[in-house]
Amino acid sequence: LVSVANVYFKISNYQKALEYFEQALSLLDHDVHPSRPGENQKEVEELLAYVLNNMGLCYRRLKQADKSLESFVRSFEIYNRLHNKFEHED
């Protein structure tokens, strides 16, 4: 689904790309459960963040700023949690 969405994004069909990204998001959201982490939990969350980032790009191109920002923020929060890049070191 993500690969198909990326193709639609590449040819500037942002609405169709969003349809596929949303399907992927639905599946990924279902697979991410902190209470029952699986072996590939980090990879699933990385892909989830990637999908959300790309959805933000689609929304931006479609001039839907609120949805774009929401997607970017959610993506950033996942990346930040996974990589701890912006935490303070004491």
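By convention here, the first residue in the shown sequence is residue 1. For clarity, every value in this text was computed on a predicted model and none was experimentally measured.
- Taking Y50 as the reference, N6, N54 meet the side-chain hydrogen bond (donor to acceptor under 3.5 Å, both in side chains) condition, with sequence neighbours excluded.
- Rounding to the nearest 0.5 angstrom, the gap separating the CG atom in L48 from the CD atom in Q41 is 9.5 Å.
- Residue L28 is tested with L52, V51, L1 for a side-chain contact (heavy atoms from CB on, under 4.5 Å); the sole match is V51.
- When all heavy atoms are compared, the tightest approach of A49 to S75 is O-OG, 2.8 Å.
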Give the C-alpha distance, both sets of side-chain angles, the deciding distance and a yes or no for side-chain contact (heavy atoms from CB on, under 4.5 Å) between H83 and E46.
-> CA-CA 10 Å; H83 301 287; E46 290 268 357; 2.7 Å; yes
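- Salt bridge E77/R74: absent, no basic N to carboxylate O contact under 4.0 Å.
- Both F72 and L82 belong to a common hydrophobic cluster when Ile, Leu, Val, Met, Phe, Trp and Tyr are linked at side-chain heavy-atom distances under 4.5 angstrom.
- Residues V2 and Y20 fail the side-chain proximity criterion, which asks for heavy atoms closer than 4.5 Å.
- Taken to the nearest 0.5 Å, the CZ atom of F9 stands 9.5 Å off from the CG atom of L18.
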Mind listing the side-chain donor-acceptor pairs of residues 55-67 below 3.5 Å, one per line with the distance, residues two or more places apart or on another chain?
{"unit_1": "Y59", "atom_1": "OH", "unit_2": "E22", "atom_2": "OE2", "d": "3.0"}
{"unit_1": "R61", "atom_1": "NH1", "unit_2": "Y14", "atom_2": "OH", "d": "2.7"}

